[in-house]
J.: 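The structure under discussion is supplied below as structure tokens; questions concerning it will follow.
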Amino acid sequence: TTAADPIVLDDLKVYFNLGDLKADEFRDFLCILYPPYVPYLYVLYFQLNMARSRFGKTIFKDPNRWKNVLTVASYYEFSDIRKFAVSKIKSKSPSGLFKLQVGREFGVRSLLLAGYEYFINRTSSMTAEEMKDLELEDIANIISMRETHRFLANTPNTVDPADILSHFKELFDDFAC
């Protein structure tokens with residue numbers, strides 16, 4: 001949003017500027033703080049399946065929506081909500097690429113490590129599409145680690161996350177969480 005294009009809450013007739021944030025990012029963030037109304041028939045279902053969190057029910061299955069929450073929580077420095085969003089991205093995203101990208105973008109060590117672990121330990125090589133979406137440094141680190149550890153004795157061995165951390169200590173020291 002910009003000053004020329006503010007977010008408008010029609011029913012309240014309030015105009016405000018979110019800076020660099022997008023309306024859908026802010027909407028998803030507000031859904032965590034103020035979960036939407038749940039009809040009576042679904043109350044029992046949601047009570048059985050809700051997150052054990054002070055932020056209310058887990059309503060997003062899409063990791064991109066959790067990235068939106070992480071964006072706003074990082075922007076306004078809501079550390080608890082940021083940690084909550086990181087944990088949801090780790091659990092809801094099957095994509096190592098997504099975790100690596102989000103970890104790099106937001107400086108989240110645990111997501112970056114999960115992304116590295118995914119690429120280093122999987123049996124197939126990175127595709128050209130995945131390489132286009134990664135930074136050159138990440139591609140070089142992943143390939144280096146795969147060659148060094150996984151195929152040391154011509155047999156693929158899985159690499160422990162602690163080995164990844166120690167091998168790229170300087171890289172991971174720059175990241176939080």
Side-chain angles (χ1 to χ4, degrees), residues 19-22 24-29 31-32 49-55 57-177:
D20 294 335
L21 299 174
K22 297 180 183 114
D24 60 333
E25 293 168 339
F26 197 70
R27 179 203 60 223
D28 289 344
F29 179 78
C31 282
I32 297 303
N49 295 302
M50 65 188 268
R52 304 248 186 269
S53 164
R54 65 187 190 142
F55 302 118
K57 298 171 181 63
T58 301
I59 55 175
F60 306 137
K61 293 186 183 345
D62 180 9
N64 286 308
R65 301 216 33 209
W66 286 109
K67 182 183 175 194
N68 290 344
V69 173
L70 179 60
T71 300
V72 178
S74 297
Y75 187 83
Y76 289 112
E77 299 179 6
F78 285 93
S79 60
D80 289 349
I81 298 175
R82 179 180 155 92
K83 288 176 190 171
F84 183 63
V86 166
S87 72
K88 291 300 177 184
I89 290 170
K90 279 182 77 171
S91 67
K92 302 246 180 240
S93 176
S95 168
L97 176 64
F98 184 78
K99 291 175 187 173
L100 199 150
Q101 289 173 321
V102 172
R104 168 99 32 215
E105 181 180 348
F106 292 96
V108 180
R109 176 189 290 186
S110 61
L111 290 176
L112 187 64
L113 178 60
Y116 267 63
E117 187 179 2
Y118 169 80
F119 282 111
I120 291 169
N121 288 327
R122 78 177 190 183
T123 55
S124 61
S125 298
M126 284 188 281
T127 65
E129 286 299 314
E130 289 169 333
M131 287 185 185
K132 286 179 189 174
D133 292 335
L134 291 174
E135 290 187 17
L136 187 57
E137 179 186 6
D138 292 326
I139 296 168
N141 288 340
I142 290 166
I143 291 171
S144 163
M145 189 78 166
R146 281 176 64 95
E147 288 177 359
T148 303
H149 290 280
R150 284 201 31 108
F151 300 103
L152 201 57
N154 287 335
T155 57
N157 301 312
T158 58
V159 180
D160 188 70
D163 291 337
I164 297 170
L165 279 174
S166 66
H167 191 77
F168 300 113
K169 183 170 178 22
E170 301 82 31
L171 170 70
F172 284 100
D173 282 347
D174 293 340
F175 288 85
C177 299

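Predicted model, so just to flag it, every value in this text is computed and none were measured. These values consider heavy atoms only, across backbone and side chains, with no hydrogens, waters or symmetry-generated copies. In this chain, numbering begins with 1 at the start of the sequence shown.
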J.: Assess whether side-chain contact (heavy atoms from CB on, under 4.5 Å) is satisfied between Lys22 and Asn68, documenting all intermediate values.
T.: CA-CA 9 Å; Lys22 297 180 183 114; Asn68 290 344; over 6 Å; no

J.: Quick one: pull up CZ in Phe119 and OG in Ser125 and give me the separation to the nearest 0.5 Å.
T.: 11.0 Å

J.: Given side chains that start at C-beta, do those of Ile32 and Trp66 come closer than 4.5 Å, heavy atoms only?
T.: yes

J.: Quick one: does Glu130's side chain have a donor or acceptor within less than 3.5 Å of a partner on Leu97's backbone?
T.: no

J.: Any chance you could measure Asp133, atom CG, to Asp138, atom CG, to the nearest 0.5 Å?
T.: 11.5 Å

J.: Can you name the closest pair of heavy atoms from Val86 and Ser110 and give their distance?
T.: CG1-OG, 3.7 Å

J.: If I compare all heavy atoms of Arg82 with all of Gly107, which pair ends up nearest, and what's the gap?
T.: NH2-O, 4.0 Å

J.: To the nearest 0.5 Å, what is the distance between CG (Leu134) and CZ (Arg104)?
T.: 9.5 Å

J.: Would you name the heavy atoms of Lys99 and Gly115 that are closest together and state the gap between them?
T.: CB-N, 4.3 Å

J.: If you define the side chain from C-beta out and look only at heavy atoms, does anything of Ile89 sit under 4.5 Å from Val108?
T.: no

J.: Does the Ser74 side chain pair with the main chain of Thr71, one donor and one acceptor, at a distance under 3.5 Å?
T.: no

J.: Let me confirm one number: the CG-NZ distance from Leu111 to Lys67, rounded to the nearest 0.5 Å.
T.: 11.5 Å

J.: Applying side-chain contact (heavy atoms from CB on, under 4.5 Å), name anything that partners Phe78, two or more places apart in sequence or on another chain.
T.: Phe29, Ala73, Tyr76, Ile81

J.: With rounding to the nearest 0.5 Å, note down the distance linking CG in Leu112 to CD in Gln101.
T.: 11.0 Å

J.: Over all heavy atoms of both residues, which pair between Asp28 and Val69 is shortest? Give the atoms and the distance, please.
T.: O-CG2, 3.6 Å

J.: Tell me whether Arg146 contacts the main-chain N or O of Arg122 through its side chain, where contact means a donor paired with an acceptor under 3.5 Å.
T.: yes

J.: Provide the closest heavy-atom pair for Met131 versus Ile139 in the form atom of the first, atom of the second, distance.
T.: O-CD1, 3.3 Å

